[in-house]
Every structure is written in C-alpha cells, then in structure tokens.
Amino acid sequence: MQSFSRVFRAALAATALTAGTFGAVPAAVADDGYQRGPDPTEESIDAPHGTFEIGMAVVTRASADGFGGGTVYYPTDTSEGTFGAVAVSPGYSSSQAAIAWLGPRLASQGFVVFTIDTLSTSDSPTRRGDQLLAALSFLGRTEPADRIDPDRLAVMGHSMGGGGSLEAAKDDPALQAVIPMTPWSVDKTFPEVTAPTLVIGAEDDVVARPRSHAEPIYESLPADGDTAYLELRDASHSAPSAPNTLIARHSLSWLKRYVDDDERYQQFLCPPPAVDDEISEYRSTCA
C-alpha cells in the first residue's frame, strides 16, 4: 500500500500552489530536531493548556473524504516552523465528542490534531484504521495544511479506535507514533507495527480487559521497537473519554519524543515511571 505520508505530500503541494492561506512557514532547525515550545517541566506536561494559542477548523461530513468529518485544532503561531499532525478516532458507538478534549490539549503543546467522526459509530477497527489514514491525507487539503510536516504523522484512538490506530500503523509504516487507548480489537497480534507505540490500558476495564486486549497487543509488538505499556490504576474503559492528566502527560511525551524527535521529553519516559497510586503497571523497552 502506498504510504499515506506520500499522499499527504502531494495534497500539501497542491494546496500550497492554490491557497497559501497562511504564507510561508519557516523550516525547522535540523540541529534541534523539531523542538517546539519552551523546555518542558513536570508542570508544563500536566498543564491543561500549553504555550501555543490555537485555532480550530471544522470539517463537515459532506466535505470529508473517506471518514465522517471532524475538527482540526492547530497552533496559530508558525514562527517556530511546521508541526507534526495527529489523527484521533473515537470508539464504538461514540462520536468525536468523546475524544475532543485531546484536540486543544495537544495542539496547544505544538501539534496539529484532527479528532474525527467515523462513517458509522459501529465501524470495525480495520475500517477505523482506513479512516484515520484518510483523515491524515485530507489534512493536506485543509485550512492549516501549510503548517503541517507531512513526514511527521501519528495516530491515536480509543477502544475500537485504538484498534484502528494499530491497523493504520500496520498499513502505513511511515507513521511516526501510535497510541491505542484502552484498545479493543479482534486481532491481538500486531508484529507488523514498527512505529513507536504506547499502549494505554485501564485496570478496571471490563469492555476491553487488559489481559485480553491491551496486554497481548503490547506483547505482540516487535521486541526491538520503541514500545511502552501504561496501565491506569482504578480506571475504566471510558477513561480516555474525559480529560485525564495521566493520559495527556504520557501521550504528549510520546508524541514529542517520536513525532518531533525532541529529546527533551525523554526524561518523562525513561527511566520508566514507577507504579504508584495512578499507575498499576508500566512496561517499556526503554534502555
């Protein structure tokens, strides 16, 4: 299958020729990777809003191509260069409203975030994976397209959307990061997923029990890859559907480290965090 980052580049090039909505975007400084924003602290990664002011663009179902529409959240400041982009899928029977909190939270830290609706709320993980990739491709034709780096794309998802994020990464190895949150999937083995993957499980999940879903999915990932398994203590399957500081902290650090190649965030991932009142289990390939 053709890499969706290549499709995105083509769409972005066409948009730049015809629109140029925001003008030229400065290139990133190679020596610093793609660092965006000030040096992070424990307080900054837990904050409900980062240092970037954000804009919002609504994509209607009628204008969407291959998915059910959604909302794009993006930093309004382009002085630091382009940004990585993340598409996020909701779970079974849910709309984008269930994962909408991640949009402004991550965008204000320096990402373009696309929270999507699926074509049907009952779509399978495989179909949700296709729709996440379609959404990333569509970003090349949206209002903030010229501030997105088409080589720095990631996917996230809750429940069946989490399974969908893994399906998307299986289909497009060019993705830079994957974060399935309390994932549900008939398929429990994803050795084809080579992108850095953070699996988030919930200790009290009775819909996608960690021992039946999140843990075997994590254990099936390539042993030589960058992977981590975070299990939320005393949390249910719906934990990702409301603002959650622990999910935000680890998701932000994971995206910064692997989408932005920002070594400043390594300190929040390695050495791995200890089991405590919030974390019931944490496993990682962190050296």
Task: Set of residues satisfying side chain to side chain contact (heavy atoms under 4.5 Å, CB included) with respect to S44, sequence neighbours excluded - done: P40, T41
Open item on the list: Tell me every residue that passes side chain to side chain contact (heavy atoms under 4.5 Å, CB included) with A169, counting only those two or more places apart in sequence or in another chain.
Closed with: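 Side chain to side chain contact (heavy atoms under 4.5 Å, CB included) check on A169 returns L175, V178, V193.
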Task: Expected output: side-chain S251 to main-chain A248 donor-acceptor under 3.5 Å - done: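 Absent.
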Open item on the list: Looking at E167 and R128, would you say the former's side chain and the latter's main chain have a donor-acceptor pair under 3.5 Å?
Closed with: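 Not confirmed, E167 side chain does not pair with R128 backbone.
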TODO: Compute both the distance and the angle, then confirm whether R152 meets the cation-pi test with F83: under 6.0 Å from the six-membered ring centre, within 45 degrees of the axis.
DONE: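 Output no; distance or angle outside limits.
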Between [X] and [Y], does any side-chain donor sit less than 3.5 Å from a side-chain acceptor?
X: H158; Y: T182; value: yes
X: D77; Y: S79; value: yes
X: H237; Y: S159; value: yes
X: Y229; Y: E231; value: yes
X: T60; Y: S63; value: yes
X: S238; Y: S236; value: yes

Are [X] and [Y] ion-paired here, with the side-chain N under 4.0 Å from a carboxylate O?
X: R283; Y: E215; value: yes
X: R141; Y: D65; value: yes
X: D46; Y: R249; value: yes
X: D39; Y: R264; value: yes
X: D277; Y: R233; value: no

Open item on the list: Could you walk me through whether E263 and R257 satisfy the salt bridge (Lys or Arg N to Asp or Glu O under 4.0 Å) test, starting with their C-alpha distance in whole Å, then the side-chain angles of each, then the deciding distance to 0.1 Å, before giving a yes or no?
Closed with: CA-CA 6 Å; E263 295 281 355; R257 175 62 187 86; 3.4 Å; yes
Open item on the list: Working note: S120 + S122, criterion side-chain hydrogen bond (donor to acceptor under 3.5 Å, both in side chains); need CA distance, chi angles, decisive distance, verdict.
Closed with: CA-CA 5 Å; S120 165; S122 60; 2.9 Å; yes
Open item on the list: Restricting to ring pair (Phe, Tyr, Trp, His ring centres under 6.0 Å), what partner residues turn up for F67, sequence neighbours left out?
Closed with: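 In terms of ring pair (Phe, Tyr, Trp, His ring centres under 6.0 Å), with neighbours along the sequence ignored, F67 is linked to F114, F138.
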Task: Contact summary for L232 and A239, nearest pair of heavy atoms - done: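 Smallest heavy-atom distance, with atoms named: CD1-CB, 4.0 Å.
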- [ ] Kindly determine whether Y265 and I45 satisfy side-chain contact (heavy atoms from CB on, under 4.5 Å), including the steps that lead there.
- [x] CA-CA 9 Å; Y265 286 80; I45 63 172; 3.8 Å; yes
Open item on the list: How about CD on E219, more than 12 heavy atoms from neighbouring residues, nucleotides or ligands closer than 6.0 Å, or not?
Closed with: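 Above 12, so yes.
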Open item on the list: Does F52 have more than 12 heavy atoms from other residues, nucleotides or ligands lying within 6.0 Å of its CZ?
Closed with: yes
Task: side-chain hydrogen bond (donor to acceptor under 3.5 Å, both in side chains) evaluation trace for D123 with Q131 - done: CA-CA 10 Å; D123 282 336; Q131 291 173 62; 2.8 Å; yes
